[in-house]
Amino acid sequence: MSTATPPGSTWNHPDPAYDLIVIGAGHAGIEAALAGARMGLRTLIITMNLQSIGQMSCNPAIGGVGKGQLVREIDALGGAMGALADLSGIQFRMLNRSKGPAVWSPRAQSDKWAYAREATKLLFAANGLDVRQGQVVDLLVRAGRVESVMLDNGTCLRGHAFVLCAGTFLNGMTHVGEAKMASGRAGEAPAIGLSQALMREGVQIRRYKTGTPPRVDRHSIDLAGLDQQAGDEPPAPFRFFENRISLPQLPCHIAWTGDACHAILRDNLHRSPMYAGRIEGVGPRYCPSVEDKMVRFADKDRHQLFLEPESVNGREMYVNGFSTSMPEEVQLAALRTVAGFEKVRFTRAGYAIEYDSFPAWQLKPDLSLKSLHNLFLAGQINGSSGYEEAAAQGLLAAIGASAFLEGKDAWIPTRDQAYLGVLVDDLVHKPLPEPYRMFTSRAEFRLLLRQDNADERLMPQARNLGLLEEWRWQILLQRRDLRQRLLGWLQDTALTPRQVAPLLESASSGEAASSPCSTQRAAIWLKRPEINLAGLLASAGPTWALEADASLLAGLEMDIKYEGYIQRAQREQEVFRRNEALPLPENLDFSSVAGLSIEARDRLKLVQPGTMGQASRVGGVNPTDLQALWIHLQKSKVRAASPLN
């Protein structure tokens, strides 16, 4: 027993076992519980506080570069995050519009109270799902499997599979200047006992840290002096085939730090718990604190701040870009030097939080622990950062748990199938020196994994798993049929220069109807940058094409305009799949592989990859090591298509 077990408690189980018990009701837990219930598992979700379900404890925003792709994939697999973002969204923007469509990324600012309210409603309305308040403090483990969890009041609950989604709560410690307190996030108790229970079973832990900026009173800001940033008009929903956007849309505002702000931070750097050595955990590289930015980017004379509303009805605003754990008086003095913030009032000071996480090399690709086969981990405890990465893991952990209970192999997305596959592969097989954040640059096949085609890529799999509503499947089939008809028309219909002349002229191309260009197929005309599909159909298309909505037309247009690049990516995808499919023998003794470097041997023994593709992405494994491994497989009569290079 861990020391957290209440004195005199015994492992009594008065109730029947649940199929699945989900621990934690943050973004990972919500997806895990809803997916488990939808797949027919008798599911229980346990949260320390029923009033904190779905809380957006950092920036109340969903999506972003790489993250938006995850949200659309979660939605295509029947998850909840996209729908919750639409129901609570108060500003929607498609990021990276100035670049190619491979990296277009949707993002929504949410009303955080609306998001939490809608998430709570979803959990309580789900069939086959029980919701319970309590703190899990211990695990009963027998023969390499978790049998029960114990709550802090001594209640014991049995389950056949478990998903742990504890976020930043495991032995959480918050820091504001010289002050620190045990906390899962500001104002909430930490989770004590679970880390010790897992360490008792040989699971290794490490300390990570994250932070958040101060929240400010909107009435104390001179918004008139700041640049305003509006959302897209009309706003585009995350959810496929359904638009639930209904809340008023609000602008964000942009401000800048300056020399005076930097001077205050620099003069008080010794009071920062990070620079004073009071914080041991490693923070996210791509979301540094404002004092860290000042040190790391000393050549910059200013840093951008985004002032973002947290609710339609409240006055609280989030100062994105000013994450800090400085003493509150230093935070306030520094922020008051920013133009527009001269009279700013805090509603809450910024803080940093340290918490326990578990290096993900201890997990299988289905997110189960190698040492505890029916315990699945999801979210920030796996070394990731962000709501979207957590939600994705929660969904995949539930899929893995369902397969485990049925005695089947879990569906595990690969890197060429989904950003979900990139996420899991990176977490499990690559070294993580800091909290992991998704970016489009992490996906080799991002042109094939666009945010607009996640429905085509993943909804068939969602239907096989029992996660997709039938009405959405029928819409997908109808859209497929209409898309094929449109593609056939584009490929078979010849259009003369005169027929497309209005489009060329309206684009100020300088080409008139008398242009010497010859008659060409509509698909060839569409490859011209000044011609778009909607205009082409309006000018010369069939009447039935009016059935197609803007999202369908946009996706088809991208596929045609970027056809050459897509075909090249598909060829690379085939090579990837051949190498990815080459299995490594189970329990392969990497010490026996001649030619492996010492570092590669140690890394491979630690991670135990299942395929050559996975081995190629393990940190410290170079092409020479892969060649040696391939030769070893050949000698062992494991047939390979070709060595990796």
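Screening R415, R617, R442 for a side-chain hydrogen bond (donor to acceptor under 3.5 Å, both in side chains) with D426, the sole residue that qualifies is R415.
For R568, the CZ atom is loosely surrounded, since the number of other residues' heavy atoms within 6.0 Å does not exceed 12. Counted within 6.0 Å of NZ on K370, heavy atoms from surrounding residues, nucleotides or ligands total more than 12; the atom is thus considered enclosed.
A salt bridge links R200 to D138: at least one charged side-chain nitrogen sits closer than 4.0 Å to a carboxylate oxygen. R480 and E456 are joined by a salt bridge, as a carboxylate oxygen and a charged side-chain nitrogen come within less than 4.0 angstrom of each other. Between E574 and R577 there is a salt bridge, since a side-chain N of the basic residue sits under 4.0 Å from a carboxylate O of the acidic one. Using a cutoff of 4.0 Å between basic side-chain nitrogens and carboxylate oxygens, D366 and K364 are not scored as salt-bridged. Between E147 and R142, at least one side-chain N (NZ, or NE/NH1/NH2) sits under 4.0 Å from a carboxylate O, which counts as a salt bridge.
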Salt bridge (Lys or Arg N to Asp or Glu O under 4.0 Å), that's the test. Do E308 and R107 meet it? Break it down for me. CA-CA 13 Å; E308 300 168 324; R107 182 186 188 272; 3.1 Å; yes

Given salt bridge (Lys or Arg N to Asp or Glu O under 4.0 Å), test D625 with R603 step by step and report yes or no. CA-CA 11 Å; D625 297 314; R603 291 282 189 177; over 6 Å; no

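For the pair M173/I353, no side-chain contact is recorded, criterion being any heavy-atom separation below 4.5 Å from C-beta on. You'll find the side chain of R601 reaches within 4.5 Å of the side chain of S591, heavy atoms only.
Separating the CG atom in L395 from the CG atom in L420 is a distance of 7.0 Å, to the nearest 0.5 Å. Atom CG of D452 is separated from atom CD of E557 by 11.0 Å, given to the nearest 0.5 angstrom. Separation of atoms CD1 (I566) and CD (Q573) is listed at 11.5 Å; rounding is to 0.5 Å.
Nearest heavy atom pair, residue A403 against residue A410, reads CB-CA, 3.5 Å. When every heavy atom of G54 is checked against every heavy atom of I30, the shortest pair comes out as CA-CD1, 3.6 Å. Nearest heavy atoms, Q204 versus P359: O-CD, 3.3 Å. Residues C58 and T212 approach most closely at SG-OG1, 4.0 Å, considering heavy atoms.
Without hydrogens or angle criteria, E201 side chain to L198 main chain gives no donor-acceptor distance under 3.5 Å. Between the side chain of E388 and the backbone N or O of G63 there is at least one donor-acceptor pair closer than 3.5 Å. Distance alone, capped at 3.5 Å, places no donor-acceptor pair between the K430 side chain and the D425 backbone. Of the possible polar contacts, one joining the Q614 side chain to the G610 backbone as a donor-acceptor pair under 3.5 Å is found. Between the side chain of N374 and the backbone N or O of V146, at least one donor-acceptor pair lies under 3.5 Å. Judged purely by atom type and a 3.5 angstrom limit, Q69 has no side-chain atom pairing as donor or acceptor with the backbone of Q451.
Using a 3.5 Å distance cut-off with no hydrogens or angles, the side chains of T324 and E291 do pair a donor with an acceptor. With no hydrogens or angles considered, no side-chain donor-acceptor pair links Q627 and T624 at under 3.5 Å.
The ring-ring contact (aromatic ring centres under 6.0 Å, His included) test applied to H303 returns H262, not counting sequence neighbours. When the side chain to side chain donor-acceptor pair (under 3.5 Å) test is applied to S384, the partners found at least two apart in sequence or on another chain are Q393. With sequence neighbours excluded, the residues forming a side chain to side chain contact (heavy atoms under 4.5 Å, CB included) with A102 are R446, L447, listed by chain and number. Partners of A191 by side chain to side chain contact (heavy atoms under 4.5 Å, CB included), not counting sequence neighbours, listed by chain and number: M48, Q135, F169, L170.
Applying the ring pair (Phe, Tyr, Trp, His ring centres under 6.0 Å) test to every pair with at least one member in residues 434-454, sequence neighbours left out, gives these pairs: Y286-F439, F445-F576. Applying the ring pair (Phe, Tyr, Trp, His ring centres under 6.0 Å) test to every pair with at least one member in residues 351-387, sequence neighbours left out, gives these pairs: H27-Y387.
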